[in-house]
Asks: 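Dropping the structure in here first, questions after.
Quick caveat, the model's predicted, so the values are computed rather than measured.
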Amino acid sequence: MTFIILHLNEPGRQASKVALAVAHISSVREVADDAGTEVRLSDGSIVNVIETYKAIINELASLGVRFTSSGKLGHP
């Protein structure tokens, strides 16, 4: 299983790393107020990270993840 390493965006705490299985990422959304990026997992939970939307999308694309027209991820 392929993982992507992201840094959690936890207000008031030092950023910490988390490894998310790419197969469990269902969508990625840029947060409007520059607070980071929102990653929605297949179980419906949301993880906020400090990486930019573009950086995450580029990393997922390099791993062969495809994107649907609705912005959701389509896994190989």
Asks: Nearest 0.5 Å, what's the CD1-CZ distance between I56 and R29?
Replies: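 So the CD1 of I56 and the CZ of R29 are separated by 12.5 Å.
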Asks: Using the side-chain contact (heavy atoms from CB on, under 4.5 Å) rule, take V31 and T37 through it: C-alpha gap first, then chi angles, then the decisive distance, then the call.
Replies: CA-CA 5 Å; V31 180; T37 306; 5.6 Å; no
Asks: Hey, what do you get for CD1 (I46) to CZ (R40), rounding to the nearest 0.5 Å?
Replies: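 Result: 3.5 Å between the selected atoms.
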Asks: As an exercise, state the distance from CG of N58 to OG1 of T52, rounded to the nearest 0.5 Å.
Replies: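 One finds 8.0 Å between CG of N58 and OG1 of T52.
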Asks: On a heavy-atom basis, which atom in Y53 and which in V28 lie closest, and how many Å separate them?
Replies: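 Reported closest heavy-atom pair: CE1-O, 3.4 Å.
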Asks: Treating Ile, Leu, Val, Met, Phe, Trp and Tyr as nodes and any side-chain heavy-atom pair under 4.5 angstrom as an edge, say whether V47 and I5 lie in one connected cluster.
Replies: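 No, because V47 and I5 fall into different hydrophobic clusters, even though each may have its own neighbours under 4.5 Å.
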Asks: Out of curiosity, L8 CG to N48 CG, how far, rounded to the nearest 0.5 Å?
Replies: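 Between L8 CG and N48 CG, I get 9.0 Å after rounding to 0.5 Å.
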Asks: Would you say that V39 contacts L6 through its side chain, given a criterion of any heavy-atom pair below 4.5 Å between the two side chains?
Replies: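 Touching, per the 4.5 Å side-chain cut-off.
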Asks: Look up atom OG1 in T2 and atom CG in L60, then write down how far apart they are to the nearest 0.5 Å.
Replies: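 CG of L60 is found 10.5 Å from OG1 of T2.
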Asks: With a 3.5 Å distance limit and no angle check, can you tell me whether E51 reaches the backbone of H7 through a side-chain donor-acceptor pair?
Replies: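 Between the backbone of H7 and the side chain of E51 there is a qualifying donor-acceptor contact (under 3.5 Å).
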Asks: With sequence neighbours left out, what residues match S62 under side chain to side chain donor-acceptor pair (under 3.5 Å)?
Replies: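 Partners of S62 by the side chain to side chain donor-acceptor pair (under 3.5 Å) criterion come out as none, since no residue qualifies.
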